Amino acid sequence: MKALVLEEYNKLVYKDFPDPVLAEDEVLVKVEAVGICGSDVHGMDGSSGRRIPPLVMGHEAAGTITALGNQVSGWKKGDRVTFDSTIYKLDDWYTRKGLYNLSDNRVVLGVSPGEYRRHGAFAEFLNVPQHILYHIPDEVSFTQASMVEPVAVAAHAVELTPLSLNDSAVVVGCGMIGLFVIQVLRARGCGKIIAIDLELEKLQLAMELGADVGLNPNRDDIRKEVESHTGGRGADVAFEVVGISDTVKMAIASVRKGATVTLVGNLSPNAEIPLQAVVTRQIRLQGSCAICGEYPAVLEMIARKEVNVEAILSVEAPLSEGATWFQRLYDKEPGLIKVVLKP
Ligand SMILES: [Zn+2]
């Protein structure tokens with residue numbers, strides 16, 4: 001088969017690659033669409049340490065089942081599927097607790113951090129265990145389904161956050177995940193949604209996708225503006241979708257006493273927090289990791305048009321041109337958010 005192979009750091013080559021070998025509990029998926037994730041773009045230069053070459057990256061994908069292992073049941077050739085980015089063990093203590101996203105020794109598709117190497121979806125075919133598969137509803141295209149993973153990351157963060165009807169929410173950072181958090185909050189019955197970002201275009205997109213107010217820290221006094229939109233108290237919840245000290249502080253500063261701040265972004269390994277404010281204002285800091293069962297909900301939300309993934313999609317291109325698009329994303333081309341490749 002053909003695949004886009006990370007041969008060495010910063011060197012992606014579209015070339016012949018050995019076909020996947022199916023385990024008994026796996027299906028073979030013919031990839032129809034695969035999204036380039038920010039973690040792939042950051043990973044290709046070696047800085048994250050999680051894409052050690054040689055590797056076929058790619059964990060946001062959708063396709064058609066073309067073959068089945070001996071022990072697979074309930075699936076058939078021709079089924080349209082997408083799948084979790086994480087392969088978790090079924091007999092793990094956390095999985096049994098319903099926390100498969102935290103299970104030990106889980107493996108991410110298209111990642112090689114040293115302990116393992118699992119080739120991903122920038123290829124014509126890949127093998128996937130049946131327990132991470134999901135059916136794609138008829139109304140949802142392969143391209144839309146390839147973007148379910150980042151929406152599910154946003155949905156997981158919203159699910160972990162205590163939310164009452166009409167609660168106000170602040171979203172710090174309007175990149176792809178932030179824009180999906182806004183859309184899921186809107187669908188979830190949130191009240192006023194306040195988006196914060198340094199880029200005007202992202203704030204505009206945030207407003208088109210459901211935010212009521214857009215604030216720019218270079219221009220606006222964030223605490224004052226948020227108070228003016230929330231009865232002088234601050235927001236009921238905040239989502240931090242960047243992951244550096246400044247934005248963590250901004251999220252904490254924008255909520256009312258007793259609120260929850262859900263932390264999704266993790267650009268830097270450490271961030272400073274205003275400890276006394278967190279304690280004396282009784283603020284709950286909630287981390288959110290990956291996805292834990294949100295795929296079916298997100299697929300249906302896309303089918304019902306409650307979440308618009310196309311708004312974030314910049315380009316669809318052939319997999320053979322993948323190296324060029326990785327480079328353009330790596331160079332941070334203005335306006336380029338999401339690229340989906342088609343083998
Ligand atoms: Zn990703």
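Counting starts at 1 for both ligands and their atoms, in listed order. If you're wondering where the values come from, they're calculated on a predicted model, not measured in any experiment.
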ask   = Closest heavy-atom contact between A195 and I182?
value = CB-CD1, 4.0 Å
note = When every non-hydrogen atom of I312 is compared with those of M147, the smallest separation belongs to CG2-CE, 4.2 Å
ask   = Judged by atom type as modelled, is there a donor-acceptor pair below 3.5 Å linking the side chain of T86 to the main-chain atoms of V108?
value = no
V111 vs R51 side-chain heavy atoms within contact, under 4.5 Å = yes
request  = Could you tell me whether the side chain of R117 reaches within less than 4.5 Å of the side chain of P54, counting heavy atoms only?
outcome  = yes
request  = Give me the protein N, O or S atoms that fall under 2.8 Å of the Zn ion (ligand 1), sorted by chain and residue number.
outcome  = C37 SG, H59 NE2, E60 OE2
Side-chain donor-acceptor pairs of residues 154-176 under 3.5 Å, sequence neighbours excluded:
from : atom 1 : to   : atom 2 : distance (Å)
H156 : ND1    : E294 : OE2    : 2.8
H156 : NE2    : N101 : ND2    : 3.4
H156 : NE2    : C289 : O      : 3.4
T161 : OG1    : A157 : O      : 2.7
T161 : OG1    : T262 : OG1    : 2.7
D167 : OD2    : S164 : N      : 2.8
S168 : OG     : D236 : N      : 3.1
S168 : OG     : D236 : OD2    : 3.2

